[in-house]
Visitor: 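Before anything else, here's the structure in question.
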Amino acid sequence: MKKIEAIIRPEVFPKVREGLAVEGIDGLSITEIAGCGRQEGRTGIFRGNTYEMEFSSKLKLEMVVDNAKVQPIIDVILRDASTGEVGDGKIFIYPVEQAIRIRTKEVGAIAVE
Ligand SMILES: Nc1ncnc2c1ncn2[C@@H]1O[C@H](COP(=O)(O)OP(=O)(O)OP(=O)(O)O)[C@@H](O)[C@H]1O
Ligand SMILES: [Mg+2]
């Protein structure tokens, strides 16, 4: 199993959610976050005024899935979360040691189906 963590623009979430549903992804967590990439936090000058780009509002999506679903999910996010502009976000993949469904006590990939 892997955990896919995707930082995306809040406005693309409905489209991404739809794409994930088509891939059969039901369980996911979302968190509203503030973040910065390469552009934020720098001082810029625009029309003679100095301004500071602070943090941007993003959504963090977290999904723990069976290995076979990792690439299809990445493909959905790359397709549906992209505007081509700076700030489209990032995808991080982590190994997951174990998953347990509390209600049934199912363990492993079956617990994240
Ligand atoms: N290295 C990182 N580690 C953790 N979170 C990150 C990292 N880089 C970006 N993020 C998160 O992703 C959000 C969007 O980042 P962003 O897409 O602006 O990255 P970028 O590297 O600046 O790429 P781009 O040049 O396309 O804007 C940030 O607001 C932050 O929440
Ligand atoms: Mg950026």
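Owing to the predicted nature of the structure, the values given are computational and were not obtained by experimental measurement. Numbering of ligands and ligand atoms starts at 1, following listing order.
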Visitor: Checking Asp80 now: which residues fulfil salt bridge (charged side-chain N to carboxylate O under 4.0 Å, His left out) with it, not counting sequence neighbours?
Guide: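 Salt bridge (charged side-chain N to carboxylate O under 4.0 Å, His left out) list for Asp80, sorted by chain: empty.
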Visitor: Give me the residue, atom name and distance of the protein heavy atom closest to atom 3 (N) of ligand 1.
Guide: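 Heavy-atom neighbour on the protein nearest atom 3 (N) of ligand 1: Phe92 CZ, 3.6 Å.
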Visitor: Quick check: closest heavy atoms across Ile77 and Ala6, and the distance to 0.1 Å?
Guide: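 Scanning both residues, the minimum pair turns out to be CD1-CB, 3.8 Å.
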Visitor: Check Ala34 against ligand 1 and report side chain, backbone, both or neither, counting heavy atoms closer than 4.0 Å.
Guide: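 Ala34 to ligand 1: no contact under 4.0 Å from either part.
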Visitor: Got a sec: does the CD of Glu32 have more than 12 other heavy atoms crowding it under 6.0 Å?
Guide: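 Incorrect, the count does not exceed 12.
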Visitor: If I compare all heavy atoms of Lys58 with all of Gly87, which pair ends up nearest, and what's the gap?
Guide: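 That closest heavy-atom pairing would be NZ-O, 2.7 Å.
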Visitor: Is there a path of hydrophobic side-chain contacts, each under 4.5 Å between heavy atoms of I, L, V, M, F, W or Y residues, that connects Ile4 with Met1?
Guide: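 No.
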Visitor: Would you say ligand 1 has an N or O under 3.5 Å from any N or O of Gly89?
Guide: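 Yes, at least one N or O pair falls under 3.5 Å.
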Visitor: With the side chain counted from C-beta on, respond yes when Ile7 and Phe92 share a heavy-atom pair under 4.5 Å apart, and no when they do not.
Guide: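 Yes, their side chains come closer than 4.5 Å.
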Visitor: Would one find more than 12 heavy atoms of other residues, nucleotides or ligands at under 6.0 Å from atom CD of Glu106?
Guide: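 Check passes, neighbour count above 12.
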Visitor: Can an N or O of Gly87 be found at a distance shorter than 3.5 Å from an N or O of ligand 1?
Guide: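 The answer is yes, given that Gly87 and ligand 1 share an N or O pair closer than 3.5 Å.
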Visitor: List ligand 1 atoms under 4.0 Å from Gly37, heavy atoms only on the residue side.
Guide: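 What qualifies from ligand 1 is 18 (O), 19 (O), 22 (O), 28 (C).
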Visitor: Nearest protein heavy atom to atom 13 (C) of ligand 1, by residue and atom, and its distance?
Guide: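 I find the closest protein heavy atom is Ile7 CG2, 3.6 Å.
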Visitor: Which residue and non-hydrogen atom of the protein lie closest to atom 22 (O) of ligand 1, and at what distance in Å?
Guide: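 Its nearest protein heavy-atom neighbour is Arg38 N, 2.6 Å.
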Visitor: I need the atoms of ligand 1 closer than 4.0 Å to a non-hydrogen atom of Ile33, numbered in the order shown.
Guide: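 In order of number, 31 (O).
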Visitor: Looking only at protein heavy atoms, which one is nearest to atom 10 (N) of ligand 1, and how far off is it?
Guide: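 Of the protein heavy atoms, Cys36 O, 4.0 Å lies nearest.
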Visitor: Could an N or O of ligand 1 be found under 3.5 Å from any N or O of Lys58, whether backbone or side chain?
Guide: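 So ligand 1 has no N or O lying under 3.5 Å from an N or O of Lys58.
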Visitor: Return a yes/no value for Gln39: is any of its N or O atoms, backbone included, closer than 3.5 angstrom to an N or O of ligand 1?
Guide: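 Indeed, backbone or side chain, Gln39 has an N or O that close.
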Visitor: Side chain, backbone, both or neither: which part of Asp88 comes within less than 4.0 Å of ligand 1 when only heavy atoms are counted?
Guide: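 Under 4.0 Å from ligand 1, Asp88 contributes backbone atoms alone.
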Visitor: Within less than 2.8 Å of the Mg ion (ligand 2), any N, O or S from Ser56?
Guide: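 Of the N, O and S atoms in Ser56, none lies under 2.8 Å from the Mg ion (ligand 2), which means no.
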Visitor: Heavy atoms, side chains only, cut-off 4.5 Å: are Lys3 and Ile93 in contact?
Guide: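 No - every pair of side-chain heavy atoms lies 4.5 Å or more apart.
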Visitor: Considering only heavy atoms from C-beta outward, does the side chain of Met63 approach that of Lys2 to under 4.5 Å?
Guide: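 Contact flag for Met63/Lys2 side chains = no.
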Visitor: What do you reckon, does Ser56 have a nitrogen or oxygen under 3.5 Å from a nitrogen or oxygen of ligand 1?
Guide: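 Checking ligand 1 against Ser56, no N or O pair falls under 3.5 Å apart.
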Visitor: Can you tell me which residue and heavy atom of the protein come closest to atom 29 (O) of ligand 1, and the distance to 0.1 Å?
Guide: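 Closest protein heavy atom to atom 29 (O) of ligand 1: Gly35 C, 3.0 Å.
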Visitor: To check your reading of the model: name the closest protein heavy atom to atom 19 (O) of ligand 1, its residue, and the distance in Å.
Guide: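 Going by distance alone, atom 19 (O) of ligand 1 is nearest to Lys90 NZ, 3.7 Å.
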Visitor: Just do the side chain to side chain contact (heavy atoms under 4.5 Å, CB included) check on Leu61 and Arg17 with the steps written out, would you?
Guide: CA-CA 10 Å; Leu61 259 65; Arg17 182 78 186 97; over 6 Å; no
